[in-house]
J.: 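Sharing a structure below in structure tokens format, with a few things to ask.
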Amino acid sequence: MSGRFQVEIDPAYCKACRLCIQVCPKKVLAQRADGKAIVENPDDCIGCQLCEWHCPDFAITIKGEKKNG
Amino acid sequence: MSGRFQVEIDPAYCKACRLCIQVCPKKVLAQRADGKAIVENPDDCIGCQLCEWHCPDFAITIKGEKKNG
Amino acid sequence: MSKHWEIIISGSGGQGVITAGIILAAAALKDGKNVIQTQSYGPEARGGASRCEVLISEENLAYPKVQQCNMLVALTQEALNKYSSLIAPGGMLITDKSIDTSALSNDIIVLKAPVYSTVANIGNLMVANILVLGVLNSVIDAVTGDSLAAAVSSRVPPSTIELNMKALTEGNRVGKELKREVEIA
Amino acid sequence: MSKHWEIIISGSGGQGVITAGIILAAAALKDGKNVIQTQSYGPEARGGASRCEVLISEENLAYPKVQQCNMLVALTQEALNKYSSLIAPGGMLITDKSIDTSALSNDIIVLKAPVYSTVANIGNLMVANILVLGVLNSVIDAVTGDSLAAAVSSRVPPSTIELNMKALTEGNRVGKELKREVEIA
Amino acid sequence: MNYKNYLRWNKLPHIWCPGCGHGIVLGAFLRAVAQRELNKDDVAVVSGIGCSSRAAGYVDFNTLHTAHGRAIPFATGIKLSRPDMKVIVLTGDGDATAIGGNHFIHAARRNLDLTVIVFNNNIYGMTSGQFSPMTPHINFATTAPHGNFDYPFDLVELAKGAGATYVARGAAAYPRQLEKAIGQGLDHEGFSVIEAMSQCPTYYGRKNKMGTAEQMLKWQKENATVSSNPGEKIPLGVFVQVERPEYTKLTGQFIDSVSGGK
Amino acid sequence: MNYKNYLRWNKLPHIWCPGCGHGIVLGAFLRAVAQRELNKDDVAVVSGIGCSSRAAGYVDFNTLHTAHGRAIPFATGIKLSRPDMKVIVLTGDGDATAIGGNHFIHAARRNLDLTVIVFNNNIYGMTSGQFSPMTPHINFATTAPHGNFDYPFDLVELAKGAGATYVARGAAAYPRQLEKAIGQGLDHEGFSVIEAMSQCPTYYGRKNKMGTAEQMLKWQKENATVSSNPGEKIPLGVFVQVERPEYTKLTGQFIDSVSGGK
Amino acid sequence: MAKQLVQGNEACVEAAIAAGVSFFAGYPITPSTEIAEKMAEKLPAKGKVFIQMEDEIASMAAIIGASLTGAKSMTATSGPGFSLMQENIGYAAMTEVPVVVVNVQRGGPSTGTPTLPSQGDMMQARWGTHGDHPVIALAPSSVQETYDLTFEAFNLSEKYMVPVVLLMDEIVGHMREGIELYKPEKIIDRRKPVQSPEEYLPYQTDDSLIPALAPFGQGYRYHVTGLIHDETGFPSNSPKVIEGLVERINKKIDKHADEIITYNSFDVDDADVVLLAYGSPVRSARQVQQAARQEGLKVGLVQMITVWPFPHKVLSQLYRQTEATFIVPELSLGQLADELSKSVPREKILRVNRNDGSLITPAQLDAVVREAVR
Amino acid sequence: MAKQLVQGNEACVEAAIAAGVSFFAGYPITPSTEIAEKMAEKLPAKGKVFIQMEDEIASMAAIIGASLTGAKSMTATSGPGFSLMQENIGYAAMTEVPVVVVNVQRGGPSTGTPTLPSQGDMMQARWGTHGDHPVIALAPSSVQETYDLTFEAFNLSEKYMVPVVLLMDEIVGHMREGIELYKPEKIIDRRKPVQSPEEYLPYQTDDSLIPALAPFGQGYRYHVTGLIHDETGFPSNSPKVIEGLVERINKKIDKHADEIITYNSFDVDDADVVLLAYGSPVRSARQVQQAARQEGLKVGLVQMITVWPFPHKVLSQLYRQTEATFIVPELSLGQLADELSKSVPREKILRVNRNDGSLITPAQLDAVVREAVR
Ligand SMILES: Cc1ncc(C[n+]2csc(CCOP(=O)(O)OP(=O)(O)O)c2C)c(N)n1
Ligand SMILES: Cc1ncc(C[n+]2csc(CCOP(=O)(O)OP(=O)(O)O)c2C)c(N)n1
Ligand code: SF4
Ligand code: SF4
Ligand code: SF4
Ligand code: SF4
Ligand code: SF4
Ligand code: SF4
Ligand SMILES: [Mg+2]
Ligand SMILES: [Mg+2]
């Protein structure tokens, strides 16, 4: 993976609410056919964790140089 | 009765708490043997009604030119 | 066909299966049938499989729940998996074409209708419940078409009547074709 | 005298009749007697007539309330009026000299003691309860003097022990005189 | 009408102890009522359980002595069914702020037109002197034999925080001011609270070595003040008086709008 | 420790609807816990009944899901028996301020060291969308089909009026600020309240035509602000932070003084 | 009249409105919530009051307050809320204020299974509050009966000046059936005082033992208290008054028990086996009973409509007459069967209990019946 | 050991302390208040916690919370407060948290007669909360028994993980007698988990059906809920789990009923007449029974110590053996006699009820006994 950050989304927990997609400042995320979130532009991730913090279902994990655990 | 105000105390209701005696600015009231209040110096009454308002037992009535009903 | 229907309509939480059941029940009542509608409440009603039961009979109904389900409608795979075991031998299943019914036993009549593709054509996924009602009723004729149409238009939000009526019509059409297929087969 | 005492001590709300009863009961217990003390609660305990019952017996006690009162102490007229009817024939009454006992029936032994005048001499009206305990016990010998004195000193506020012991002594004296009078009469 | 005509004389003398402040508070209340010439039939007085709550039995209105802490919701039913009636709650510090605290804050939130007089003797009188949520820190009570380490409510702050639109404090030692504070509460449209400091010589006084009723009243006089500059003293007066739509009015308007004026 | 390690993963996915704000609030809470490296065994999480109160089941502490409105008194028993444990209450706007209002104000009065996070979605979610004491005036709900004419509590004012020593407000739309507000509450010794604005798209959103969870979150972002100059917006931040002796400390000191250090 | 498809909870609301309810106070709880919701929708449109209170204690208090002004008033709840209402239910019983309390039963104890049916609150409906107190409880088994009995609950409450509990369950509350929303024939309103205000004694009663409480605010000023009180309404500690009041408020119901108690019996006269049920198990019982009769088995059914006062007289008579075996299907561990054992020997009672959140099915019951008739 | 003069309420406190109570939460109410007052005085001196809560609901909640940390905890109240505690008593029953609830009974219903004795809460002690739930209730008839049974209440509660109600009454609570404040022989503490935290299932039980709940904060992290839950403690809607849990928590008591139930019987074997009583009426009953025997009348007495579970087995056996007439003196309209009628035919039960705030006197009872032996 080329980006400094890895965005992991576990579809088993994702409920397709789209909040992560909305809050991502870099449009890293998108929706797949069944509505669940997927990582579309992994390289653009700046590791801000907004997606993770806004995910009500604990489905997202940002790895890399984190600001906050 | 010579005073402008008549102080009436109904011993059937008086419980001998002495509050009226304490608050009377003119020492109009006193305690009789069983502790109940009596009017000792009726002529000194200035009709301030403090005794009446402080009597927890509704035992006192001040008649005459009243300030407040 | 049978005069005594024990129907389960199932799907996922937000699909309106309960509304569909109520509409069906209201139509049957209008036709002078005896009818009982019940539903499952609880956490499952919030997401997960949801289920609505409708009993329609010429006879008096005492026990209010399905005992011998002779018609299951399943709008999702999850619902099918959960409820298919309730279908009595000889009973029917109506479901979407996309759903895998291979695990079902042979003594069930499986009718697969193009539910989602048809509602997609209509342009609104939310009317799958009404469309499938049309399918269902065309297959089993449990209630009169008039009563069903009247029940639909009086029980959906006014602004959506037109859309829902269209879904019903399409459902009726799909149902009739399906019936023909079954009868031919 | 009788080994089975059913005693009622009565007076007005703040007079400490309940304390007196408890002390008597404690003394009796110390003497190895069987004892039960009860009291009346309720609005009457706040002003009005107040009452405390003490059963003292060599035998086991079952029923916990007075059935045949053989000793009533009444510290006020109101208490006397209220409770005198409870005295069993042949029972005793101890009350203050100032109290009118003319209405009582003949089969009651009436003992009038100078309770209030004596406590006035002691200088504190609050110890009438203890004084009358002394009177009572000198008359009926229900408990030993030692036990009673010990019970008083352990059940009154420490700062008042001296005063109360004095009241008890005075009560004993008054009681003995009274007893003599009765026996002479 | 003379305020004493609002009493049920055949129920007097009342059960309160000699020198109990509750009778003084009740008198102030009745004088405020008399000034406003309220019609007895148009007034409902609701109370909970406690010495103070016995007040309901002594006043000649439609009176309801309810369950401990529940006067306000009972009163709510009366007021909403008969918005034209004046509904008054007479309650104690325990009744209103301990077990009844939730109803108190909710009626305040709704701004329901009740006049609530809290007879505050800083103790549970009826049950013989346990501490209440308004017993001062480190005072004594039968359930605080070593001193009470609970902190009390400031009733004015509590009422205000919950949304009451009229909040005042008076004291038995200042009966005229108390009468006025209650009177203004009666006039106010909305949830009105009057904390009335009252003395309980029998329990609070005895437990806290405050002496006789006389001495307790004197203490009040010295430690509470109507001055707007109270310093260390307990301030008396009106602390909140704001306008906000009243609940029965809102209900009425709402019913009218939904029912098309019926 | 990673905050996600405080979750009971075998209980997930949780029962909350897609887009429900409660999960966001729960995450903020767990990050605040993680930062403080609290030991799981030393934490008790107590909740009442409601969607929000289901949170207790998802976190790997000593967890207690009680009766509707009663989380705080259950927590009181735990805290007083084990003053060394960190006791946290997760509750809803209905649970804490409707049926549970009395316990809320009394724990505040006592200044008991609990951290109370009120998941405020302005509605009773669990029972399908009735208005709560925190539903805004004239909003819609299943029991307010014509619009709610009740006025809501201002939870900050209520907590303050009752004596809470730490009161803050955060929002799901500002998870980092929320986490900090909760964290400060955890650090504060005394009764700490954090109102956490949460979205209920299923009922509150639907009834009030607020759209999807996305739109509701956006609404929060636009209508609440962390700015100290909020203007018309809902202010977020810490509103009360004062020192007052804490209740279990007081109890302990008191026990020591009476028992002679035992 | 055309039948309409109505949910049980909704039928309760419609009947209450038809009966003249003018005040509803409640707090939401599954599975009764639709009652509050429909009330919120419908009452204001009729010029009547709906209020959502802060809890169930307050709801119960508010309806008593409202009833004292003459309003027909009602609340609805489920297990946990019903527990909270107990203190004030006792207050209503003691002060003889008519109110209707609906309990749509769900699985207990405690939070239990909020969305599933149960009959576990039967004994609580009788004994939930402290002290010897009267209560009437009715239990519908269908949506139509819910309509009928809600109406009846108001009538009984006003007639006997007593709180009446409508014991529904989740099944009955949530199911939809076609019913007639008829206009009731007979609406009973509480007695009016016959004396003038001066002579009025609120708790003086005639042979009926039922007082005539004047609505507040109509010139009859009196005192109401939960303390023991005499005829004037004021507290009394006189032993005679205490005994008299406790006995009267209870006897008031016992005395009229024959009038109050209703039940339906089917084919019991020659029965070897009698099914006894109330509420939703009646549905299975009726199906099984009818089927059994068709086969010639001597099976009867008693459907209790009135749960409290309990029809001991009827049932012990039936037992003596038939010496039948009683089969008691119920959604509890046996509260109904236990109560029955006061009138029918334990060994003649077969219990069919189900506590798993499902209904007792006809098949399950049928098996027991067949076993019993053999 | 020298006897001390102790009030009933005080004896309750002394016994609780001897049993190791470490947490008391309460709210004052006549006639139980002395219990709270003595606790407030004595617990802090022992390094234990007393807290006066805002109401009885909170009191009950707090003691459950405290008990979950392992503390022996207790509250005390009377009728109105007992009604308010019902919801959380059900919670304790459901979650199997041991607590002791003292109800010093006064006259009901409602506020009733706060200062007078009664036994009107007997049925409520069994059925006050919603749903099928277990409970144990004990009733002392003397100050010594109050001491003994308070102790026993803690033991039973810890042993069976169930709320135990101590049903006192105003007479027993307020009277003083000479008693021994002995140090109890056997203190039962709740079971400890045998598994490691990793393997631990809080609601898994062996044949005893009694779970071993680990105290909070000792490394066993688990979940407690009033919802139906499986062995792990987490909610479940599975029919099997529902039925299983409701049955287990009730059977846990039924199964051990013989062990739990205690009673004293006097001269019953050849009795023509058996007096059945619990609580303060036992005092009169014993006096009358002894006197009758001395006269040669065949009168026996059964004093129930355990009120719930009810000793049906014992009593029906006794009835079958003796065919005696049962005389039931009680301070209620007949709650005990009614319950007895499940085991003894109604016509063999004579009721002696008193509801005027006084005790049943030996003379009153004696008259009935003489009537019966004739
Ligand atoms: C549910 C319930 N709990 C407790 C009580 C006992 N009780 C009666 S009055 C009272 C306290 C009264 O205090 P307050 O309201 O301050 O009135 P006061 O007597 O001091 O005037 C209590 C605890 C009760 N009657 N009901
Ligand atoms: C005594 C009692 N009354 C009512 C209920 C029903 N009930 C369950 S949760 C709830 C409201 C929850 O609202 P809130 O606390 O705001 O939580 P949310 O679901 O919105 O997160 C209600 C009324 C109950 N369980 N117990
Ligand atoms: S961490 Fe930030 S940038 Fe990266 S995916 Fe998430 S929201 Fe987008
Ligand atoms: S926020 Fe979480 S649940 Fe929602 S779409 Fe994104 S990953 Fe899925
Ligand atoms: S009116 Fe005033 S002056 Fe007259 S007696 Fe009363 S207090 Fe004294
Ligand atoms: S104030 Fe009233 S009760 Fe007290 S002494 Fe004076 S007259 Fe008597
Ligand atoms: S106990 Fe206190 S509050 Fe009650 S009447 Fe006596 S003085 Fe007043
Ligand atoms: S109903 Fe509302 S609060 Fe409850 S889980 Fe769904 S979105 Fe969240
Ligand atoms: Mg007070
Ligand atoms: Mg909410």
Side-chain angles (χ1 to χ4, degrees), chain F residues 8 10-11 15 39-47 49 53-54 56-87 99 102-103 105-107 109-110 112 247-248 251-252 254-262, chain H residues 22-25 40-73 75 87-92 94-95 97 99 129 197 214-227 229 232-235:
Chain F
R8 286 172 172 151
N10 62 342
K11 298 293 154 192
I15 62 153
N39 186 326
K40 293 178 176 186
D41 288 326
D42 301 339
V43 174
V45 168
V46 186
S47 68
I49 299 287
S53 291
R54 286 298 188 100
Y58 303 122
V59 292
D60 192 15
F61 304 110
N62 302 281
T63 58
L64 181 60
H65 179 235
T66 70
H68 188 38
R70 315 303 173 190
I72 289 175
F74 276 88
T76 301
I78 295 176
K79 182 70 192 177
L80 280 170
S81 295
R82 285 291 306 268
D84 56 314
M85 281 177 82
K86 192 91 205 152
V87 182
I99 192 168
N102 206 29
H103 313 303
I105 60 176
H106 280 273
R109 172 176 67 76
R110 294 189 188 104
L112 181 68
Y247 196 78
T248 50
T251 314
F254 176 79
I255 287 178
D256 287 349
S257 78
V258 172
S259 67
K262 203 183 169 197
Chain H
S22 60
F23 186 86
F24 181 95
E41 185 188 322
K42 303 211 157 174
L43 285 187
K46 309 245 169 226
K48 309 289 160 94
V49 177
F50 164 87
I51 183 170
Q52 184 174 303
M53 295 299 287
E54 52 272 23
D55 63 19
E56 289 88 350
I57 297 174
S59 302
M60 190 64 213
I63 65 169
I64 298 171
S67 180
L68 276 166
T69 71
K72 289 196 181 171
S73 55
T75 189
E87 189 194 9
N88 283 336
I89 290 176
Y91 185 90
M94 178 63 128
T95 54
V97 176
V99 288
T129 192
F216 269 18
Q218 298 193 355
Y220 288 82
R221 294 187 307 280
Y222 59 99
H223 187 57
V224 176
T225 178
L227 284 163
H229 45 269
T232 67
F234 287 92

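In what follows, chains carry the letters A, B, and so on, assigned in the order in which the sequence lines appear, proteins first and then strands, with residues in each chain numbered from 1. Side chains included, hydrogens not; waters and symmetry mates left out as well; all remaining heavy atoms used.
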J.: So for H:Tyr91, is it side chain, backbone, both, or neither that comes closer than 4.5 Å to the heavy atoms of chain F?
T.: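 Just its side chain gets close to chain F.
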J.: Heavy-atom cut-off 4.5 Å, strictly under: side chain, backbone, both or neither for F:Arg109 against chain H?
T.: neither
J.: Which bit of H:Glu54 comes within less than 4.5 Å of chain F, counting heavy atoms only: side chain, backbone, both or neither?
T.: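 Both parts, backbone and side chain.
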J.: F:Ala56 versus chain H, heavy atoms under 4.5 Å apart: side chain, backbone, both or neither?
T.: both
J.: Heavy-atom distances under 4.5 Å only: say whether H:Ala25 touches chain F with side chain, backbone, both or neither.
T.: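 For H:Ala25, no heavy atom lies under 4.5 Å from chain F.
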J.: As an exercise: rank F:Thr66, F:Thr76, F:Asn39 by heavy-atom pairs under 4.5 Å with chain H and give me the winner.
T.: F:Thr66
J.: Please determine, among H:Ser22, H:Ala58, H:Ser59, the option with the most heavy-atom pairs under 4.5 Å with chain F.
T.: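 Top count of heavy-atom pairs under 4.5 Å with chain F: H:Ala58.
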J.: Is it the side chain or the backbone of H:Tyr220 that comes within 4.5 Å of chain F heavy atoms, both, or neither?
T.: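 Only the backbone of H:Tyr220 comes within 4.5 Å of chain F.
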J.: Are H:Asn88 and H:Ile57 close enough that some pair of their side-chain heavy atoms sits under 4.5 Å apart?
T.: yes
J.: Find the one option among H:Asp55, H:Thr95, H:Leu227 whose heavy-atom pairs under 4.5 Å with chain F are most numerous.
T.: H:Leu227
J.: Over all heavy atoms of both residues, which pair between H:Thr69 and F:Arg82 is shortest? Give the atoms and the distance, please.
T.: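 Looking at all heavy atoms of both residues, the closest pair is CB-CG, 3.7 Å.
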J.: Looking at H:Gly217, H:Ser73, H:Ser67, H:Gly226, which has the largest count of heavy-atom pairs under 4.5 Å with chain F?
T.: H:Gly217
J.: Is the ring centre of H:Phe23 less than 6.0 Å from the ring centre of H:Phe50?
T.: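 Not under 6.0 Å, so no.
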J.: On a heavy-atom basis, which atom in F:Ile255 and which in H:Pro44 lie closest, and how many Å separate them?
T.: CG2-O, 3.6 Å
J.: As an exercise: rank F:Gly57, F:Gly252, F:Ala67, F:Ala107 by heavy-atom pairs under 4.5 Å with chain H and give me the winner.
T.: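 Top count of heavy-atom pairs under 4.5 Å with chain H: F:Gly57.
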J.: Give, as side chain, backbone, both or neither, the part of H:Leu68 having an atom under 4.5 angstrom from any heavy atom of chain F.
T.: side chain
J.: Please step through side chain to side chain contact (heavy atoms under 4.5 Å, CB included) for the pair F:Val43 and F:Asn62, ending with a clear verdict.
T.: CA-CA 6 Å; F:Val43 174; F:Asn62 302 281; 5.7 Å; no
J.: For residues F:His68 and F:Ile49, report the shortest heavy-atom separation together with the two atoms involved.
T.: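 Where F:His68 meets F:Ile49 most closely, the heavy atoms are ND1-O, 3.1 Å.
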J.: Using non-hydrogen atoms only, which part of F:Lys11 is less than 4.5 Å away from chain H: side chain, backbone, both, or neither?
T.: side chain
J.: Inspect the contact between F:Asp42 and F:Lys86 and indicate whether a charged nitrogen and a carboxylate oxygen are less than 4.0 angstrom apart.
T.: no
J.: Less than 6.0 Å separating the ring centroids of H:His223 and H:Phe234?
T.: yes
J.: Within the distance-only criterion (no hydrogens, no angle test), does the side chain of F:Arg110 pair as donor or acceptor with the backbone N or O of F:Tyr247 below 3.5 angstrom?
T.: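 A pair under 3.5 Å: no.
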